Amino acid sequence: MSVPFFSLIWNIRGFEAPGRQQQLKEYMRRENVDIVGLQETIKESFLLHELEGLSRHKFAWHWRSASGHSGGILLGVKEDTFEVEDMDHGEFFVSMAVTHKRSNLSWEVIIVYGPADHSRSQSFLEELRNKINRCTTPVVVAGDFNLIRSPEDKSSTRVDIPRMRMFNDCLADLALREITRVGARFTWSNNRIDPVQSVLDRVFVSVEWEMEFPLCSLRAATRIGSDHSPLLLCSGGSAPPRLNRFHFENFWLRQPGFAEAVGGKWERAADSPPRVFNAVDSMLP
């Protein structure tokens with residue numbers, strides 16, 4: 001089983017906001033982060049020394065510029081852990097195709113920042129659908145989607161059922177599975193005296209990625225500064241070796257001659273020298 005790797009996904013609410021970079025450095029150091037995906041950087045571009053100062057490790061970086069005083073996505077992967085095969089970006093995402101050096105497994109990391117203007121939510125989901133349909137490897141999709149999946153994802157009763165259905169239908173069409181989160185019940189708060197809180201930040205994976213990392217886990221860290229909780233994804237290592245187990249298929253019973261073949265082999269197995277196990281299936285034609 002490979003050594004686990006760790007990802008930090010966070011709507012930072014301004015890369016240059018007071019104290020944010022120090023918080024980010026602390027998260028990256030304490031959690032030994034291998035992948036960092038930030039949303040709402042509110043930054044047009046980044047200087048090399050700014051990015052190099054975030055960690056003592058060398059990272060490969062890719063970003064999408066903010067639009068005025070909102071938006072912006074930054075994605076970085078640790079070069080000791082991953083080989084970067086390709087980079088891509090769209091209106092609502094930044095991605096890297098990576099290969100994990102220890103396990104030689106490849107997948108695409110897609111960091112999204114969904115629009116707060118819900119008149120653009122359909123365009124966001126359509127772009128995400130097109131992006132994932134182009135991927136030829138397993139995917140991890142993470143970030144601030146600015147969408148909820150059920151009424152329980154919001155502390156108030158003001159929810160849009162058709163929008164939730166649109167989001168869930170998109171996830172179902174793409175066969176994405178959400179990683180169960182522990183920690184904070186909600187990931188965002190408007191920080192009012194009587195706050196509205198929602199689950200806006202999530203991590204989804206393809207079935208193929210989950211099969212490689214069935215022990216993965218997701219934790220919402222304590223929210224400090226930003227109105228969003230950072231999410232910490234641990235791969236949990238790769239899948240344990242698969243055992244070759246016997247599985248009986250019901251359709252075998254309908255095959256001509258099946259019962260006779262099994263009966264004959266069973267009788268010959270019973271007459272053979274004693275063994276701890278007699279594998280009848282290994283003697284079938």
Side-chain angles (χ1 to χ4, degrees), residues 5-12 33-41 62-64 71-77 82 84-100 105-116 120-150 153 163-164 166-181 187-188 198-214 216-220 228-236:
F5 56 88
F6 299 87
S7 305
L8 169 67
I9 300 97
W10 188 24
N11 181 322
I12 197 170
V33 167
D34 300 284
I35 299 175
V36 56
L38 304 179
Q39 308 93 59
E40 204 168 2
T41 60
H62 186 36
W63 65 81
R64 189 188 189 286
I73 305 172
L74 176 66
L75 171 60
V77 300
F82 295 99
V84 178
E85 310 293 348
D86 196 14
M87 298 182 181
D88 192 14
H89 70 274
E91 184 177 2
F92 303 106
F93 77 88
V94 165
S95 71
M96 286 188 188
V98 300
T99 298
H100 188 233
L105 295 172
S106 297
W107 64 90
E108 190 142 359
V109 181
I110 305 171
I111 302 299
V112 304
Y113 182 42
R120 304 172 67 204
S121 294
Q122 186 170 356
S123 298
F124 161 55
L125 294 177
E126 191 60 33
E127 181 183 70
L128 180 61
R129 190 193 307 269
N130 292 336
K131 168 60 184 174
I132 293 177
N133 285 336
R134 294 195 304 270
C135 291
T136 58
T137 60
V139 298
V140 176
V141 187
D144 177 3
F145 288 78
N146 264 313
L147 292 167
I148 63 173
R149 301 190 64 187
S150 71
D153 288 343
R163 192 183 302 135
M164 289 189 298
M166 178 177 66
F167 187 26
N168 286 320
D169 287 347
C170 178
L171 297 172
D173 291 345
L174 295 171
L176 293 177
R177 297 167 62 89
E178 184 168 6
I179 302 299
T180 303
R181 183 187 68 259
T187 66
W188 170 83
S198 300
V199 180
L200 302 180
D201 310 88
R202 304 174 186 272
V203 177
F204 297 96
V205 298
S206 61
V207 174
E208 297 84 357
W209 193 91
E210 188 179 38
M211 289 177 65
E212 294 293 347
F213 301 100
C216 65
S217 61
L218 183 65
R219 173 170 58 91
H228 289 257
S229 297
L231 300 183
L232 296 162
L233 173 66
C234 173
S235 70

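Residue numbers count from 1 along this sequence. What you see below is based on every heavy atom in this structure, not just the backbone, and it leaves out hydrogens, waters and symmetry mates. The structure displayed is predicted, hence computed values, not measured ones.
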Give, for atom OG of S7 and atom CG of D34, the distance between the pair rounded to the nearest 0.5 Å.
7.0 Å
Side-chain contact test, heavy atoms from C-beta onward, threshold under 4.5 Å: evaluate it for F82 versus V109 and give yes or no.
no
F213/V205 under side-chain contact (heavy atoms from CB on, under 4.5 Å): CA gap, chis, key distance, verdict
CA-CA 10 Å; F213 301 100; V205 298; over 6 Å; no
Measuring from C135:SG to E208:CD, what's the distance to the nearest 0.5 Å?
11.0 Å
Minimum heavy-atom separation for S121 to L147, with atom names?
OG-CD2, 3.7 Å
Please check this pair: side chain of D153 against backbone of S150, looking for a donor-acceptor N/O pair closer than 3.5 Å.
yes
After noting the C-alpha distance and the side-chain angles of M96 and M87, does the key distance pass the side-chain contact (heavy atoms from CB on, under 4.5 Å) rule?
CA-CA 4 Å; M96 286 188 188; M87 298 182 181; 3.8 Å; yes
Donor-acceptor contact present, side-chain R64 to main-chain G90, <3.5 Å:
yes
Heavy-atom donor-acceptor pair, E212 side chain to L105 backbone, under 3.5 Å:
no
Q122, CD: over 12 other non-hydrogen atoms inside 6.0 angstrom:
no
Give me the atom names and distance for the closest heavy-atom approach of V36 to L38.
CG2-CD2, 3.8 Å
Can you label the angle between the H100 ring and the W107 ring as parallel, tilted or perpendicular, going by 30° and 60°?
tilted
Step by step, would you call H89 with I73 a side-chain contact (heavy atoms from CB on, under 4.5 Å)?
CA-CA 10 Å; H89 70 274; I73 305 172; over 6 Å; no
Nearest heavy-atom neighbours spanning V84 and V77:
CG2-CG2, 3.4 Å
Taking all heavy atoms of V199 and all of I148, pick out the closest pair and write down the distance.
O-CG2, 3.7 Å
Can you tell if the side chain of T41 reaches within under 4.5 Å of the side chain of W63, non-hydrogen atoms only?
no
Spacing of I35 atom CD1 and L8 atom CG [to the nearest 0.5 Å]:
10.5 Å
Let's go through I9 and D201 carefully: what are the C-alpha distance in whole Å and the side-chain angles of both, what is the deciding distance for side-chain contact (heavy atoms from CB on, under 4.5 Å) to 0.1 Å, and is it a yes or a no?
CA-CA 8 Å; I9 300 97; D201 310 88; 6.0 Å; no
Distance (rounded to the nearest 0.5 Å) between I132 CD1 and E108 CD
9.5 Å
Minimum-distance pair of heavy atoms, taken over all atoms of L176 and S206:
CD2-N, 4.0 Å
Should F93 and D88 count as side-chain neighbours, where that means a heavy-atom distance under 4.5 Å?
yes
I need the D169 CG to L125 CG distance, nearest 0.5 Å.
10.0 Å
Does atom CZ of R129 have more than 12 heavy-atom neighbours, drawn from other residues, nucleotides or ligands, at distances under 6.0 Å?
yes
Just jot down the side chain to side chain donor-acceptor pair (under 3.5 Å) partners of E85, sequence neighbours excluded, or say none.
T99
Kindly indicate whether the side chain of V112, heavy atoms from C-beta on, has any atom under 4.5 Å from the side chain of F145.
yes
Looking only at non-hydrogen atoms, find the nearest pair between A142 and V203 and report the distance.
CB-CG2, 3.8 Å
As a test of understanding, state which of E126, K131, R120 forms a side-chain contact (heavy atoms from CB on, under 4.5 Å) with F92.
R120
Strictly distance-based, threshold 3.5 Å: is any side-chain N or O of R149 a donor or acceptor partner for the main-chain N or O of N168?
no
Find the distance between CZ (F5) and OG (S235) and round it off to the nearest 0.5 Å.
4.0 Å
The side chain to side chain donor-acceptor pair (under 3.5 Å) partners of N11 (sequence neighbours excluded) come to E40, D144, H228
